[in-house]
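These notes are about the structure you will find just below.
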Amino acid sequence: MQLGLIGLGKMGGNMRERIRRAGHDVIGYDRNPDVSDVKSLAELVEKLDAPRHVWVMVPAGTATQTVVDELGDLLSPGDTVIDGGNSRWTDDEKHAAALGIKGIGFVDAGVSGGVWGLQNGYALMVGGDKEHVDRLRPIFDALKPEGPYGYVHAGRVGAGHFSKMVHNGIEYAMMQAYAEGWELLEKVPSVDNVREVFRSWQEGTVIRSWLLDLAVNALDDDQHLEKLRGYAEDSGEGRWTVEAAIDNAVPLPAITASLFARFASRQDDSPQMKMVAALRNQFGGHAVEKKD
């Protein structure tokens with residue numbers, strides 16, 4: 001199958017490689033000419049055979065809107081646009097309507113896997129009309145992890161990004177719980193090997209997880225996280241999750257508290273946020289702030 005892929009950064013570049021390894025033809029475009037296969041979006045569209053399938057993997061908001069608008073002018077009826085970035089689900093509805101007037105299909109794909117996706121595969125949460133989603137199954141199958149899990153057609157347009165948003169909200173709360181436990185263990189004088197306590201939890205405990213494995217990786221690099229400043233950004237999806245909870249009168253105390261804890265990290269050098277920052281760097285390659 002042939003696919004155009006726009007945005008070849010930390011995730012997009014690895015996604016191009018994983019899809020190619022599965023035997024598909026991927027033509028990638030990026031503003032960085034060193035990684036791009038073509039020089040422009042127009043050239044990308046010209047090289048694709050109809051019906052075209054173009055995956056957008058750029059930052060949410062203005063960047064995605066600009067690319068979708070330009071594709072709307074370049075593509076033809078019967079083509080499909082896939083937004084695999086972290087867009088807000090309400091933007092998906094707007095994009096689907098605008099492209100639909102021109103006969104262009106739209107699919108939203110929440111993608112999880114970070115910098116490890118090339119090796120492990122990407123969990124995919126997809127929203128859109130069945131006819132558009134089914135047409136793209138070979139690409140989804142190439143990206144997902146091996147085995148029966150890691151892919152879901154979650155529902156209509158917007159469902160994929162909404163599901164990924166909730167996934168990230170849960171991720172916030174899980175990271176916060178690990179961070180709080182780590183700080184308490186570091187605080188008490190009786191525990192003198194916190195890193196190995198975390199390592200011991202990796203097998204046979206109910207709290208074992210990939211995030212726990214990544215926490216151990218971070219502690220192997222910096223046993224007491226002394227090199228990090230206790231500061232952690234929020235990507236926006238945590239905020240959207242809390243806003244959606246308010247709109248739907250659904251109580252989310254743990255996720256809301258974890259979001260507020262990140263706000264607190266911007267006021268003081270929070271020990272808990274050192275662990276959250278380390279985890280975000282481990283699974284997503286997100287930047288960390290080093291101490292002076």
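We use all heavy atoms of the structure for the numbers below, so side chains are in, but hydrogens, waters and symmetry mates are not. Worth saying up front: this structure is predicted, and the values here are computed from it rather than measured.
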(request) Measure across T64 and H95 and return the closest heavy-atom pair with its distance rounded to 0.1 Å. (result) CG2-CE1, 4.0 Å
(request) Identify whether the distance between the nearest side-chain nitrogen and carboxylate oxygen of E233 and R266 falls below 4.0 Å. (result) yes
(message) I'd like to check W55 versus M15 (side-chain heavy atoms, cut-off strictly below 4.5 Å). Are they in contact?
(response) yes
(request) Considering non-hydrogen atoms only, spot the tightest contact between M11 and V111 and give its length. (result) CE-CG1, 3.6 Å
(message) Using a strict threshold of under 4.0 Å (side-chain N to carboxylate O), is an ion pair present between D37 and R20?
(response) yes
(request) Grab the two heavy atoms, one from D108 and one from R156, that are nearest each other, plus how far apart they are. (result) OD1-O, 4.3 Å
(request) Assess whether side chain to side chain donor-acceptor pair (under 3.5 Å) is satisfied between R135 and T80, documenting all intermediate values. (result) CA-CA 9 Å; R135 195 181 305 158; T80 305; 3.3 Å; yes
(message) Using side chain to side chain donor-acceptor pair (under 3.5 Å), reason through K10 and N14 one step at a time and then give a plain yes or no.
(response) CA-CA 7 Å; K10 287 181 290 189; N14 282 344; over 6 Å; no
(request) Taking all heavy atoms of G169 and all of I255, pick out the closest pair and write down the distance. (result) O-CG1, 3.3 Å
(request) Using the six-membered ring wherever Trp is involved, compare the ring planes of W210 and W116 and label them parallel, tilted or perpendicular (cut-offs 30° and 60°). (result) perpendicular
(message) Tell me whether Y149 at atom OH has more than 12 heavy atoms from other residues, nucleotides or ligands lying less than 6.0 Å away.
(response) no
(request) Go through the steps for N281 and H286 under the test side chain to side chain donor-acceptor pair (under 3.5 Å), then give the verdict. (result) CA-CA 4 Å; N281 177 258; H286 299 291; over 6 Å; no
(request) Report the C-alpha separation of S87 and D91 in whole Å, then their side-chain angles, then the decisive distance to 0.1 Å, and conclude whether the side chain to side chain donor-acceptor pair (under 3.5 Å) test is met. (result) CA-CA 7 Å; S87 294; D91 290 342; 5.3 Å; no
(message) Whether R88 and E243 form a salt bridge (side-chain N of Lys/Arg under 4.0 Å from carboxylate O of Asp/Glu) is what I want to check.
(response) yes
(request) Mind listing the closest non-hydrogen atom pair of V54 and L3 along with its distance? (result) N-CD1, 4.4 Å
(request) Is it possible for you to say whether M174 and I207 belong to one hydrophobic cluster, with membership spreading through side-chain heavy-atom contacts below 4.5 Å? (result) yes
